[in-house]
Protein chains: 2
Amino acid sequence: MTATHDMLFRTLADPTRRAIFERLCRQGEQTVGALTAEAGVSQPAVSKHLGVLKGAGLVRDRHEGRQTHYSAQLGALAPLMDWTREMAGVWESRFDDLENLLKRMDQ
Amino acid sequence: MTATHDMLFRTLADPTRRAIFERLCRQGEQTVGALTAEAGVSQPAVSKHLGVLKGAGLVRDRHEGRQTHYSAQLGALAPLMDWTREMAGVWESRFDDLENLLKRMDQ
DNA sequence: CAAATCAATAACCCATTGGCTATTGATTAA
DNA sequence: TTAATCAATAGCCAATGGGTTATTGATTTG
């Protein structure tokens with residue numbers, strides 16, 4: 001579906017938002033406050049980004065008292081991997097090793 | 001490099017532009033005229049999109065008389081695959097089979 | 001040479017978006 | 001219960017970006 005790819009690419013296109021997502025991927029669940037401390041933008045800006053990420057299915061939120069914990073939903077990246085692989089022309093086998101793939105991708 | 005990912009995601013985020021790129025991936029080299037015929041937007045718009053794609057290294061152009069032929073540069077997708085794989089947490093082996101990967105990506 | 005075609009550029013418009021501050025609602029602490 | 005903290009929302013503003021038409025430059029064609 002084009003709409004899905006649209007949303008994924010558009011959501012990840014913003015560097016601040018992508019940085020937040022990367023952080024969640026690498027460090028696991030984080031509160032809004034923790035994310036804000038590193039984001040370099042205001043708390044409302046972070047909340048807005050998290051809202052967009054959530055809309056794209058890239059994160060999940062969990063409320064605990066007055067704080068909200070966010071975590072990455074890696075499964076949402078699948079359409080992105082599929083699309084890239086499809087564009088790269090990997091039709092032949094789902095079990096191609098990556099080295100071979102990279103070789104074919106050089107020009 | 002963040003700048004590279006930025007450019008790739010931002011370039012591919014627009015549906016019209018991504019459609020042009022997909023077309024070049026699937027059907028190979030095309031003239032601006034041929035791309036315009038299918039794009040649903042004006043020729044200048046297509047030229048602008050091609051300029052952006054070229055700036056991101058995703059396409060190459062070849063001049064032949066008064067027409068310009070564009071083709072996809074699949075190698076430019078490598079950083080995208082790397083990033084996605086990195087976020088998905090595939091560290092262990094470059095030779096992981098994709099089925100296994102997808103299994104781990106379900107949540 | 002004159003007319004037509006192809007693609008790029010210029011100049012403009014409007015919608016979207018990412019940022020901010022201020023505020024609100026909810027929860028916890030004093 | 002009053003004060004403080006956390007996160008979301010509202011409302012605003014400036015920059016960006018994708019679209020348009022008009023034009024230009026270059027190359028073919030008549």
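We name chains A, B, ... by the order of the sequence lines, and we start the count at 1 in each one.
- Of the residues in residues 29-37 of chain A, those lying under 4.0 Å from DNA chain D by heavy-atom distance are A:Thr31, A:Val32, A:Gly33.
- Between the NE2 atom of A:His69 and the P atom of D:dC6 there is a distance of 12 Å, given to the nearest Å.
- Remark: B:Thr36 pairs with B:Val32, B:Gln43, B:Val46 by the side-chain contact (heavy atoms from CB on, under 4.5 Å) rule, at least two apart or across chains.
- One finds no side-chain N or O of A:Tyr70 lying less than 4.0 angstrom from the OP1 or OP2 phosphate oxygen of D:dC6.
- Minimum heavy-atom separation, A:Ala56 to A:Ala76: O-CB, 4.4 Å.
- Between the CG atom of B:Asp61 and the P atom of C:dA7 there is a distance of 12 Å, given to the nearest Å.
- The closest side-chain heavy-atom distance from A:Val59 to A:Gln73 is not below 4.5 Å.
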Inset, instruction - Assign a letter to each nucleotide of nucleotides 9-22 of chain C from its 5' end: B, base within under 4.0 Å of a protein heavy atom; S, sugar-phosphate only; -, no contact. - result: B-------SBBBBB
Inset, instruction - For each nucleotide in nucleotides 25-30 of chain C, reading 5' to 3', give B when a protein heavy atom comes within less than 4.0 Å of its base, S when such contact involves only the sugar-phosphate, and - otherwise. - result: --BB--
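- A 4.5 Å side-chain heavy-atom check between B:Tyr70 and B:Thr31 finds every atom pair outside the cut-off.
- Within the structure, salt bridge (Lys or Arg N to Asp or Glu O under 4.0 Å) pairs that include any residue of residues 48-63 of chain A comprise A:Glu29-A:Arg62, A:Lys54-A:Asp61, A:Arg62-A:Glu64 (at least two apart or interchain).
- Between the CD1 atom of B:Ile20 and the P atom of D:dG18 there is a distance of 11 Å, rounded to whole Å.
- In this structure, the CG atom of A:Asp6 is 13 Å from the C1' atom of D:dG18, given to the nearest Å.
- With sequence neighbours excluded, no residue forms a side-chain contact (heavy atoms from CB on, under 4.5 Å) with A:Arg66.
- In DNA chain C, stems built from 3 or more consecutive Watson-Crick or G-U wobble pairs, each with both distances under 3.5 Å, span C:1-30 with D:1-30.
- Here the P atom of nucleotide D:dA8 and the CD atom of A:Gln67 are 11 Å apart, to the nearest Å.
- Annotation: salt bridge (Lys or Arg N to Asp or Glu O under 4.0 Å) contacts involving residues 4-17 of chain A, sequence neighbours excluded, comprise A:Asp6-B:Arg18.
- Checked against side-chain contact (heavy atoms from CB on, under 4.5 Å), A:Glu38 has the following partners two or more places apart in sequence or in another chain: A:Arg23.
- Looking at A:Phe9 and A:Thr11, their side chains never come closer than 4.5 Å, going by heavy atoms from C-beta outward.
- For A:Pro79, the side-chain contact (heavy atoms from CB on, under 4.5 Å) criterion is met by A:Thr4, A:His5, A:Leu8, not counting sequence neighbours.
- The two residues A:Gln30 and A:Ala34 make their nearest non-hydrogen contact at OE1-CB, 3.7 Å.
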